[in-house]
Amino acid sequence: MVESATCRHCYRYGISWPAGHLTATLDDTPTTQALAQALPLVSTARTWGEEVYFDTGVSVSRETDARQIVEPGTVTFWADGDALALPYGPTPVSQGEECRLASPCNVLGRVDGDPGLLTTVRGGDPVRVELVDA
């Protein structure tokens with residue numbers, strides 16, 4: 001866990017794929033804690049509209065504040081599929097330009113910087129997720 005002036009109890013994750021990488025700052029939630037125990041992890045990227053998601057091997061329940069519509073760059077966990085979901089724009093079920101997920105997902109935090117970097121992820125790409133220092 002990383003403590004900083006902006007977030008006293010946060011996790012910083014690094015997410016990398018062949019064409020790029022980004023970091024994300026995640027809040028201290030039950031899902032984030034479970035995911036941290038599984039890191040580092042390597043998975044295979046899948047895409048769904050303007051969303052990247054990938055299996056984590058972690059099973060958690062849907063949290064009470066799970067949401068289906070989120071802002072671009074929100075880091076979510078799809079409890080129905082044991083996957084991290086990183087929406088950066090509309091999906092096939094969106095209305096207009098909203099980021100609408102397949103079903104309500106646990107909200108974990110935000111991508112640091114431009115979520116548009118996720119446009120370089122291709123289905124089938126290897127993805128690595130690990131904890132990083134502040």
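Ile15 and Tyr53 fall into different hydrophobic clusters, where Ile, Leu, Val, Met, Phe, Trp and Tyr residues are linked whenever their side-chain heavy atoms come under 4.5 Å apart, directly or through other members.
Judged by distance alone, with hydrogens and angles left aside, the side-chain atoms of Arg122 form a donor-acceptor pair with the main-chain N or O of Thr119 at under 3.5 Å. For Thr29 (side chain) and Thr32 (main-chain N/O), a donor-acceptor pair under 3.5 Å exists by modelled atom type. Looking at Asn106, its side chain does come within 3.5 Å of a backbone N or O of Glu63 through a donor-acceptor pair. In terms of modelled atom types and a separation under 3.5 Å, the side chain of Ser94 and the main chain of Gly96 share no donor-acceptor contact. With hydrogens and angles disregarded, no donor-acceptor distance shorter than 3.5 Å links the side chain of Glu51 to the backbone of Trp48. Between the side chain of Thr44 and the main chain of Pro126, no donor-acceptor pair closer than 3.5 Å is present.
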The test is side chain to side chain contact (heavy atoms under 4.5 Å, CB included); show your working for Leu118 and Trp17 and say whether it passes. CA-CA 9 Å; Leu118 293 165; Trp17 59 96; 4.1 Å; yes
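Side-chain contact check for Leu35 versus Tyr11: every heavy-atom pair is 4.5 Å or farther apart.
Asp80 and Ser103 share a side-chain donor-acceptor pair at under 3.5 Å. With 3.5 Å as the limit, one finds a donor-acceptor pair spanning the side chains of Asp112 and Thr25. Between the side chains of Thr91 and Arg100, no donor-acceptor pair is found at a separation under 3.5 Å.
Crowding of Gln68 atom CD: a count of heavy atoms from other residues, nucleotides or ligands under 6.0 Å exceeding 12.
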